Protein chains: 2
Amino acid sequence: MPALGASAVAVTVVIFTVRDASLSVLLIHRAAEPFAEAWALPGGLLLPDETLDQAAERKLLGETGLSDVFLEQLYTFDAPPGPTTPTPVVAYFALVDESRVHLEERLSWRPAWFPVSDLPSLAFENNAVVTYALRRLQAKLAYSNVVYSLLPERFTLTQLQHAYEAILGRQLDKRNFRKRILSLDLVDPTDQVRQAGAHRPARLYRFSKREPLTL
Amino acid sequence: MPALGASAVAVTVVIFTVRDASLSVLLIHRAAEPFAEAWALPGGLLLPDETLDQAAERKLLGETGLSDVFLEQLYTFDAPPGPTTPTPVVAYFALVDESRVHLEERLSWRPAWFPVSDLPSLAFENNAVVTYALRRLQAKLAYSNVVYSLLPERFTLTQLQHAYEAILGRQLDKRNFRKRILSLDLVDPTDQVRQAGAHRPARLYRFSKREPLTL
DNA sequence: ACAAAAGTGTTGAGTGTACACCCATGG
DNA sequence: CCATGGGTGTACACTCAACACTTTTGT
């Protein structure tokens, strides 16, 4: 039987949001070695007596102040090479509504949103993690309601469509989009018909289930 | 920053095969505590300087003598409750051709195949792992060539169909199945037309790519 | 007035599904 | 001669993609 205690486990979270029509990821600026001055995904070690999901929630809450959002385990990556004790990294991904986020105020680290289409080179080979998360997210769009936590509780179908377009990176046909969404009945219409700042009254919808739903 | 060295990591493998028209899983019989005398999935601790994939391959090779088969990471589960130091478990799943397997000969442990439809209650909550693996496998059938490593190198379309049926747990229409498989061109026909033990000559096929392919 | 977003149907192509019979061989 | 598995085509239902104009409001 193998030697014990060789590894601890780290958890990292890819936090996505949609900002001005593009899909973005939350990154933190590292002050300490290794990879000082590089951008990286938020993450850290699993605490004793904590589940993996709890650790991911803790990280998400710390960075954004949010906890009731879509958050799912993604993949477990090997320990990145480096001077520290090697620990496998369990990656999660989350979707948040940017208007509900309160970014952590820090002295030395500056969290910031970066469009996924224009990422810098990240610490710990985190670019691969983001790429993997993006692929998974795109795949899940087709058959689940994951986007529920990217949008406010009530939203127009156009807003929803913009979220889909940002994630898929291409334009969608409006009429086909509406037909499909309504036929899946992921959403219910609500009575309210006027939204601040909108050009004209519009029907608002909400997700019929806000829990993660994987058809 | 959290305390270090609280956890190591374990790896476990769900090894599937098709035996007389039903999908089966390889289990080992535990001699030692915890869960002595219970059946469990093969697994063990990650060794220092080993990648997760390597650990899974090592386990698979140890139990079956095989290494060139489909093997994919599945999910990372929390440490099971118990007296030992809690370690998260990175689960993998593999597909093997039973005729190529050489089960490990052991004195105290007896590895054995169990149909997934009729599993005993497993140690370490491994039943949930098997259920998860089965769902993933079924999903992957639709859009990938994963079954390539369940079958011998050359096979008839009927054999292939039997493998699909065992995994999905339902009968498929022969003509539709053939049309679909051929249209995906996952397989190429080979010249050989006679197979030992078969009732009549038949066209044999082989997978055009034997590498994992995720369309 | 005009820019910006909301809303609304039809058609054609392609895909998926249901369904039944003949053939070659081994026993 | 019969049991076993190999091999083959068509018709219908459904899903998906392409496509343009009118309405309402804020500025």
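Order of the sequence lines fixes the chain letters, A, B, ..., with proteins taken first and strands second; residue numbering starts at 1 for each chain. Just so it is clear, the structure is predicted and the values come from calculations on it, not from any experiment.
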Asks: Output the rounded distance in Å from CZ (A:R200) to P (C:dT8).
Replies: 9 Å
Asks: Side-chain N or O of B:S183 less than 4.0 angstrom from OP1 or OP2 on C:dT15?
Replies: no
Asks: Let me know, please, whether A:D173 or A:P201 comes out on the 5' side of the other along DNA chain D by nearest nucleotide.
Replies: A:D173
Asks: Nearest-Å distance, CZ (A:R175) to P (D:dC16)?
Replies: 17 Å
Asks: Considering just the side-chain nitrogens and oxygens of A:R178, establish if one lies under 4.0 Å of OP1 or OP2 belonging to C:dG7.
Replies: yes
Asks: Please report the interatomic distance CD(B:Q138) to CG(B:L168), rounded to the nearest 0.5 Å.
Replies: 6.0 Å
Asks: Measure the distance from CZ on B:F177 to C1' on D:dG7 and round it to the nearest whole Å.
Replies: 14 Å
Asks: Take atom NE2 of A:H162 and atom C1' of C:dA4, then tell me their distance rounded to the nearest Å.
Replies: 10 Å
Asks: Just wondering, are more than 12 heavy atoms of other shown residues or ligands nearer than 6.0 Å to CZ in B:R30?
Replies: yes
Asks: With respect to the side chain of A:N176, which nucleotide from D:dT25, D:dG6, C:dG9 is positioned closest?
Replies: C:dG9
Asks: Among D:dA17, D:dG5, C:dA4, find the nucleotide with the atom closest to the side chain of A:H199.
Replies: C:dA4
Asks: Between A:R100 and A:D68, is a salt bridge (charged side-chain N to carboxylate O under 4.0 Å, His left out) present by the stated rule, with each step listed?
Replies: CA-CA 11 Å; A:R100 296 175 61 212; A:D68 57 340; 2.8 Å; yes
Asks: Does CZ belonging to B:R110 count more than 12 external heavy atoms closer than 6.0 Å?
Replies: no
Asks: Round to a whole Å and report the spacing from CG of A:L182 to P of D:dT15.
Replies: 15 Å
Asks: The test is side-chain contact (heavy atoms from CB on, under 4.5 Å); show your working for A:I15 and A:V69 and say whether it passes.
Replies: CA-CA 10 Å; A:I15 304 171; A:V69 302; over 6 Å; no
Asks: Here's a test of your reading of the structure: between B:K179 and B:K174, which maps to the more 5' nucleotide of DNA chain C?
Replies: B:K179
Asks: Output the rounded distance in Å from CD1 (A:I181) to P (D:dC16).
Replies: 12 Å
Asks: Are OP1 or OP2 of D:dG5 and a side-chain N or O of B:T158 less than 4.0 angstrom apart?
Replies: no
Asks: Expressed in angstrom and rounded to an integer, what is the separation of B:R180 atom CZ from C:dG14 atom C1'?
Replies: 16 Å
Asks: Expressed as a whole number of angstroms, how long is the span from B:L184:CG to C:dG16:C1'?
Replies: 12 Å
